[in-house]
Amino acid sequence: MTVLDTANAASLMDRFGRVHTDLRVSITDRCSLSCSYCVPPGGLPLMPVGTLLTVEEIERLVRIAVGMGVTKVRITGGEPLVRADVVNIVSRLAQLAPRPELCLTTNGVGLSRLARPLEDAGLNRVNISLDTLDALAYLRLTGLDRLGDVLAGIEEAMRRDFTQVKLNAVALKGLTEEAGPALLEYALARGLELRFIEQMPLGGGQWHSSNIMTADDLLSLLSQHHELTPIPRCDSMPATRYLVDSGPGIVGVIPSVTRPFCGDCSRVRLTSDGQIRACLFSDDAQDVRGLVRSGADDAQIENALRQAIWAKRPGHTIGSQSFQPPSRIMKAIGG
Ligand code: SAM
């Protein structure tokens, strides 16, 4: 047995003692929107359809990961709701034993139609991405006039019996100064937790740390409107959370760039074309689709998962001279 085999045979533990319990499964690189911070102008070629994992392949890979200690599975993309068999995927994963908690990250465009079938299939939690409530700003940012559909999707998700519905917004200079406070009022009025994410260099275009709206910028902006009281952090949660005006409303800030939480990272990603990536910012990957399609047994796939985790670096180096963004944009990795 190698050091790798003995150290983390049972669980997905890396060289730094981080145990990976949170699997993000991208089911497509397609998206219904083209947000300017996510997709470079002109777009990028899409993966050939035959390279995307099938429902059976996703189910098998997630089953193996669950057997290695994964307890939470987040379905993402691209936009997961554009995949025609998304409900079937959720339903199959809901039948795994032990059953992982099933979460979904969506832009909300197809949610008013799909929230109920997804709930019936066993989905537990939904995160909806929304950066502005202004229809024109939404159109400029995403390329499509779909704000009304997203708002209808949020209302429908709230009517369902999910254990949690959250909103995610990317903090963007030039937009969030106006949009942020309005989004927070919208979320507070509905009892939804809103989390702002610092913009990361994952959009294939121009990005510089001096051009982002930082968590500190955001907190001073929101503090002009509300009293924010920090809530002590728990486990590997990336967001720093604040009670708004003594609660019960909560707002979160995810300072991925300025205060990275790599030391507590418990996430691993399965891309829609079957790569295991242990870090969003690294091109290090294990090709499990190749293994699956060449007839590998479960033990070989487990080994590939362990290797991906073992190779994980201590942290991303965004902001340093040596930082190179990954070759894939966020939507081709899985957000
Ligand atoms: N389409 C789904 C959605 O919109 O939620 C799931 C995939 S999307 C890539 C997941 C999340 O990543 C979204 O909240 C999106 O806003 C965020 N995102 C995309 N590019 C980003 C970037 N460069 N920096 C920070 N967040 C980003």
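Worth knowing before you read on, the calculation uses all heavy atoms, side chains too, and leaves out hydrogens, waters and symmetry mates. Positions are given from 1, in the same order as the sequence printed here. Remember, it's 1-based here, ligands and their atoms both numbered in the order they're listed.
Of the charged side-chain nitrogens involved, none lies within less than 4.0 Å of a carboxylate oxygen, so that D284 and K312 do not count as a salt-bridged pair.
Among residues at least two apart or in separate chains, side-chain hydrogen bond (donor to acceptor under 3.5 Å, both in side chains) pairs with a member in residues 133-148 are R146-D149. Applying the side-chain hydrogen bond (donor to acceptor under 3.5 Å, both in side chains) test to every pair with at least one member in residues 166-183, sequence neighbours left out, gives these pairs: N168-R195.
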For ligand 1, run through the N/O pairs with the protein that fall under 3.5 Å and put one pair on each line.
residue	atom	partner	partner atom	Å
ligand 1	1 (N)	G78	O	2.9
ligand 1	1 (N)	E79	OE1	2.9
ligand 1	4 (O)	S129	OG	3.4
ligand 1	5 (O)	T106	O	3.4
ligand 1	5 (O)	S129	OG	2.5
ligand 1	14 (O)	S129	OG	2.7
ligand 1	16 (O)	Y37	OH	3.1
ligand 1	23 (N)	Y37	O	3.1
ligand 1	23 (N)	M200	O	2.9
ligand 1	24 (N)	M200	N	2.9

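A side-chain donor from one of D217 and T214 sits under 3.5 Å from a side-chain acceptor of the other.
Judged as a salt bridge (charged side-chain N to carboxylate O under 4.0 Å, His left out), and not counting sequence neighbours, the contacts of R328 are D273.
The closest donor-acceptor contact from the side chain of H316 to the backbone of S256 lies under 3.5 Å.
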